[in-house]
**Q** 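There's a structure below that I have some questions on.
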Amino acid sequence: MMRSLLIKNIKTLLQADENPRTIAKGEAMSKVPQLENAWILAENGIIKDFGTMPSCPNYGDKKLDKERCEERREERCEEFDATGRLVLPTWCDSHTHIVYAGSRESEFEMRIKGKTYEEIAANGGGILNSARRLQETSEDDLFEAAWQRLQEVRSMGTGAIEVKSGYGLTLAAELKMLRVIRRLREKSDLCIKATFLGAHAIPMAYKQNRAGYIQLIINEMLPAIAAEGLADYCDVFCDEGFYSVEETDEILTAAAKYGLKPKIHANELAVSGGVQVGVANGAVSVDHLERVSPAEIACLLTSETMPTALPGT
């Protein structure tokens with residue numbers, strides 16, 4: 001049975017574009033297509049049409065011809081009057097870590113006392129603290145906690161979300177995280193994309209053997225993830241104290257062989273070269289960018305890679 005939603009009398013309909021753009025950058029970012037006094041129609045969850053109110057379909061019209069009535073006999077249509085309101089697309093949250101076990105609020109005290117992000121990480125805090133907790137938590141418990149977080153962001157208007165692994169840092173734990181993300185995709189009506197972020201930190205067990213962990217990512221994690229179809233993207237934390245430009249390039253090159261598109265954590269802690277290696281690998285996005293020089297901006301201007309600023313961190 002067809003299920004339709006008609007929203008009418010919209011004060012302003014945002015992003016009402018007859019010719020949708022695949023990317024907007026520079027001056028184009030200031031242009032937001034919009035219609036006043038508008039309507040929008042969705043059928044079975046897909047936008048079917050939109051326009052200004054003079055062209056709005058009238059599902060309650062008793063004068064519809066016989067053929068149209070027959071077509072819509074089994075149709076269930078919900079109407080919503082949006083008088084005085086804006087209608088806009090749902091948010092796309094392109095960088096999230098909603099699958100995790102416990103939180104790290106205790107580390108705020110370390111920061112207050114002057115410890116740097118890098119110092120906390122070097123002593124087993126930060127990402128390594130989260131990894132230890134996650135490794136000890138069951139898949140079901142991770143799923144239930146992540147599901148509650150997903151419902152919270154959904155209630156605030158998010159309709160598309162990317163969710164990363166990266167708090168596992170072992171083959172078993174990374175697969176566990178990605179399977180949780182798959183379960184979220186199967187249960188939720190949101191558009192959910194999964195990102196493999198095994199290169200989020202160097203685990204304590206590999207502190208003296210960086211190359212060994214990178215080979216674990218390339219030779220064991222990536223094939224296992226590809227075999228189950230668990231990820232859309234591969235991400236690397238390319239920054240001071242984490243992964244170098246050369247290591248990042250090696251991991252992204254390997255991931256590309258399995259069809260995983262690159263994304264980068266870049267320039268959170270230093271001008272790291274992460275932007276440049278991301279662009280060179282055709283990254284969908286380079287995220288964080290708290291440290292940016294004119295060279296990074298020039299590099300991005302000539303690329304199709306999306307810069308994602310995360311000033312809240």
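None of these values were measured; they are calculated from a predicted model. For the single chain, residues carry numbers from 1 onward in sequence order.
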**Q** Do the non-hydrogen side-chain atoms of I192 and I181 ever get within less than 4.5 Å of each other?
**A**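 SC-SC contact between I192 and I181 confirmed.
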**Q** Evaluate salt bridge (charged side-chain N to carboxylate O under 4.0 Å, His left out) for E139 paired with R179, printing each intermediate quantity in order.
**A** CA-CA 8 Å; E139 181 180 317; R179 288 171 184 148; 5.1 Å; no
**Q** Quick one: do the T313 and E290 side chains pair a donor with an acceptor below 3.5 Å?
**A**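 Yes.
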**Q** Does the side chain of V153 reach to within under 4.5 Å of the side chain of W91, using non-hydrogen atoms?
**A**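 A side-chain contact is absent here, since even the closest heavy-atom pair is not under 4.5 Å.
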**Q** Treat each ILVMFWY residue as a node, draw an edge where side-chain heavy atoms are under 4.5 Å apart, and state whether V284 and L300 are in one component.
**A**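 No, separate clusters.
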**Q** For T158 versus L190, what's the shortest heavy-atom pair and its separation?
**A**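 Heavy atoms of T158 and L190 come nearest at O-CD2, 3.7 Å.
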**Q** Side chains of S285 and D287: any donor to acceptor distance under 3.5 Å?
**A**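 There is such a pair (donor and acceptor under 3.5 Å, judged by atom type) between the side chains of D287 and S285.
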**Q** First locate atom CG of D93, then atom CE of M156, and finally report the distance between them rounded to the nearest 0.5 Å.
**A**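 So the CG of D93 and the CE of M156 are separated by 11.5 Å.
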**Q** Got a second to check how far L128's CG is from H200's NE2, nearest 0.5 Å?
**A**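 Taking CG in L128 and NE2 in H200, the distance rounds to 10.0 Å.
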**Q** Calculate, to the nearest 0.5 Å, the distance between atoms CZ and OG belonging to R183 and S188 respectively.
**A**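 Result: 14.0 Å between the selected atoms.
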**Q** For the NZ atom on K187, are there more than 12 heavy atoms of other groups (residues, nucleotides or ligands in this structure) within a distance under 6.0 Å?
**A**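 Yes, enclosed.
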**Q** Please assess K193 against V163 for the test side chain to side chain contact (heavy atoms under 4.5 Å, CB included), listing each intermediate value before the final yes or no.
**A** CA-CA 6 Å; K193 295 292 186 181; V163 185; over 6 Å; no
**Q** Please tell me whether E296 and S293 have a donor and an acceptor in their side chains that are separated by less than 3.5 angstrom.
**A**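 Present: a donor and an acceptor within the cut-off.
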**Q** When you check the side-chain N and O atoms of S272 and N267, is any donor under 3.5 Å from an acceptor?
**A**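 Their side chains do contain a donor-acceptor pair, which is all the 3.5 Å distance test asks for.
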**Q** Please determine which of I214, L169, L216 meets the side-chain contact (heavy atoms from CB on, under 4.5 Å) test together with Y206.
**A**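 When I214, L169, L216 are each tested with Y206, the side-chain contact (heavy atoms from CB on, under 4.5 Å) holds only for L216.
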**Q** In Å, rounded to the nearest 0.5 Å, how long is the span from CD1 of I225 to OG of S165?
**A**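 Output value for this atom pair is 6.0 Å.
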**Q** For R21 and Q15, work out which heavy atoms get closest and say how close.
**A**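 Where R21 meets Q15 most closely, the heavy atoms are NH2-OE1, 4.1 Å.
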**Q** With rounding to the nearest 0.5 angstrom, report the CD to OG distance, E78 to S4.
**A**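 With rounding to 0.5 Å, CD (E78) is 10.5 Å from OG (S4).
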**Q** Should the pair K164-D235 be classified as a salt bridge under the 4.0 Å nitrogen-to-oxygen rule?
**A**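 A salt bridge is present here (some side-chain N lies under 4.0 Å from a carboxylate O).
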**Q** Identify whether the distance between the nearest side-chain nitrogen and carboxylate oxygen of E109 and K113 falls below 4.0 Å.
**A**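 Counted as a salt bridge, because a side-chain N and a carboxylate O are separated by less than 4.0 Å.
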**Q** Given the rule that I, L, V, M, F, W and Y join up when any side-chain heavy atoms are under 4.5 Å apart, are I251 and L197 in one cluster?
**A**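 No, it is not one cluster - the side chains of I251 and L197 are not joined through contacts under 4.5 Å.
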**Q** Using only heavy-atom distances, determine whether the side chains of D239 and H265 contain a donor-acceptor pair under 3.5 Å.
**A**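 No donor-acceptor contact under 3.5 Å links the two side chains.
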**Q** Quick check on K176: does its NZ atom have over 12 non-hydrogen neighbours (other residues, nucleotides or ligands) under 6.0 Å away?
**A**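 Correct, the count exceeds 12.
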**Q** Closest heavy-atom contact between F50 and A16?
**A**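 So the minimum-distance heavy-atom pair works out to CE1-CB, 3.7 Å.
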**Q** Going by atom types alone, do D249 and N281 pair a side-chain donor with an acceptor below 3.5 Å?
**A**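 Yes, a side-chain donor-acceptor pair sits under 3.5 Å.
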**Q** Going hydrophobic residue to hydrophobic residue with side-chain gaps under 4.5 angstrom, can you get from I127 over to M204?
**A**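 As far as the 4.5 Å side-chain criterion goes, M204 and I127 are connected within one cluster.
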**Q** I'd like to know if the side chain of E162 pairs up with that of S94 as donor and acceptor (distance under 3.5 Å, no hydrogens or angles considered).
**A**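 Side-chain D/A pair, E162 to S94: absent.
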**Q** Is the number of heavy atoms from other residues, nucleotides or ligands within 6.0 Å of CZ (R154) greater than 12?
**A**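 Incorrect, the count does not exceed 12.
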**Q** Could you check D81 against T83 for side chain to side chain donor-acceptor pair (under 3.5 Å), going step by step and ending with a plain yes or no?
**A** CA-CA 6 Å; D81 190 330; T83 297; 2.5 Å; yes
**Q** So do M221 and Q215 actually touch side chain to side chain, heavy atoms under 4.5 Å?
**A**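 Not touching, per the 4.5 Å side-chain cut-off.
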**Q** Under 3.5 Å, is there a donor-acceptor pair between the Q34 and T12 side chains?
**A**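 Side-chain D/A pair, Q34 to T12: absent.
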**Q** Testing the basics here: between Y213 and A201, what is the closest heavy-atom pair and its distance to 0.1 Å?
**A**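 That would be CE2-O, 3.6 Å.
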**Q** Say whether M306 and L260 are linked into one hydrophobic cluster, either directly or through other cluster members, by side-chain heavy-atom distances under 4.5 angstrom.
**A**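 Each belongs to a different hydrophobic cluster.
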**Q** Any salt bridge linking E228 with R182? Criterion: basic side-chain nitrogen under 4.0 Å from a carboxylate oxygen.
**A**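 Yes, this pair counts.
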**Q** Could you walk me through whether H97 and Y167 pass side chain to side chain contact (heavy atoms under 4.5 Å, CB included), step by step?
**A** CA-CA 9 Å; H97 298 267; Y167 289 140; 3.9 Å; yes
**Q** Under the side chain to side chain contact (heavy atoms under 4.5 Å, CB included) criterion, do L13 and L86 qualify, and how do the steps go?
**A** CA-CA 6 Å; L13 177 63; L86 306 180; over 6 Å; no
**Q** Got more than 12 heavy atoms from elsewhere within 6.0 Å of CD1, I46?
**A**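 No, CD1 of I46 has 12 or fewer neighbouring heavy atoms, counting only those of other groups under 6.0 Å.
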**Q** Any side-chain heavy atom of L6 sitting closer than 4.5 Å to one from P57?
**A**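 Of all side-chain heavy-atom pairs linking P57 with L6, at least one is under 4.5 Å.
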**Q** Under a 3.5 Å threshold, yes or no: a donor from one side chain and an acceptor from the other, between Y100 and R133?
**A**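 R133 and Y100 do not have a side-chain donor-acceptor pair below 3.5 Å.
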**Q** Work out which heavy atom in A131 is nearest to a heavy atom in G168; give both atom names and the distance.
**A**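 It is CB-O, 4.0 Å.
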**Q** Under 6.0 Å from the six-membered ring centre of Y233 and within 45° of its axis: does the NZ or CZ of K261 meet both?
**A**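 No, cation not above the ring by the 6.0 Å, 45° rule.
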**Q** Is the count of non-hydrogen atoms from other residues, nucleotides or ligands lying under 6.0 Å from K31 atom NZ greater than 12?
**A**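 Correct, the count exceeds 12.
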**Q** Roughly how far, to the nearest 0.5 Å, is CD of E79 from SG of C77?
**A**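 If I round to the nearest 0.5 Å, the distance is 5.0 Å.
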**Q** For the residue pair F237 and H288, categorise the inter-ring angle as parallel (less than 30°), tilted (30 to 60°) or perpendicular (more than 60°).
**A**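 Correct class here is parallel.
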**Q** Should we count CG of L88 as having more than 12 external heavy atoms under 6.0 Å?
**A**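 Result for CG/L88: enclosed.
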**Q** Using a 4.5 Å cut-off on heavy atoms from C-beta on, say whether the side chain of L184 contacts that of V99.
**A**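 In short, these two side chains touch, coming nearer than 4.5 Å.
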**Q** Before you tell me yes or no, could you show the steps for C238 and V277 under side chain to side chain contact (heavy atoms under 4.5 Å, CB included), namely the whole-Å CA-CA distance, both residues' side-chain angles and the distance that decides it to 0.1 Å?
**A** CA-CA 9 Å; C238 182; V277 71; 4.2 Å; yes
**Q** Using only heavy-atom distances, determine whether the side chains of T52 and W39 contain a donor-acceptor pair under 3.5 Å.
**A**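 Judged by distance alone, the side chains do not pair up.
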**Q** Within 45° of the ring axis of Y243 and under 6.0 Å from its six-membered ring centre, is that where the NZ or CZ of R210 lies?
**A**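 Pair R210/Y243 counts as cation-pi.
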**Q** Under 4.5 Å between side-chain heavy atoms, hopping through other hydrophobics if needed: is there a path connecting L171 to L230?
**A**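 Yes; L230 is reachable from L171 via cluster members.
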**Q** Looking only at heavy atoms, which two atoms of A266 and V275 are closest? And how far apart?
**A**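 Taking every non-hydrogen atom into account, CB-N, 3.9 Å.
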**Q** Kindly indicate whether the side chain of T308, heavy atoms from C-beta on, has any atom under 4.5 Å from the side chain of L310.
**A**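 Sidechains of L310 and T308: in contact.
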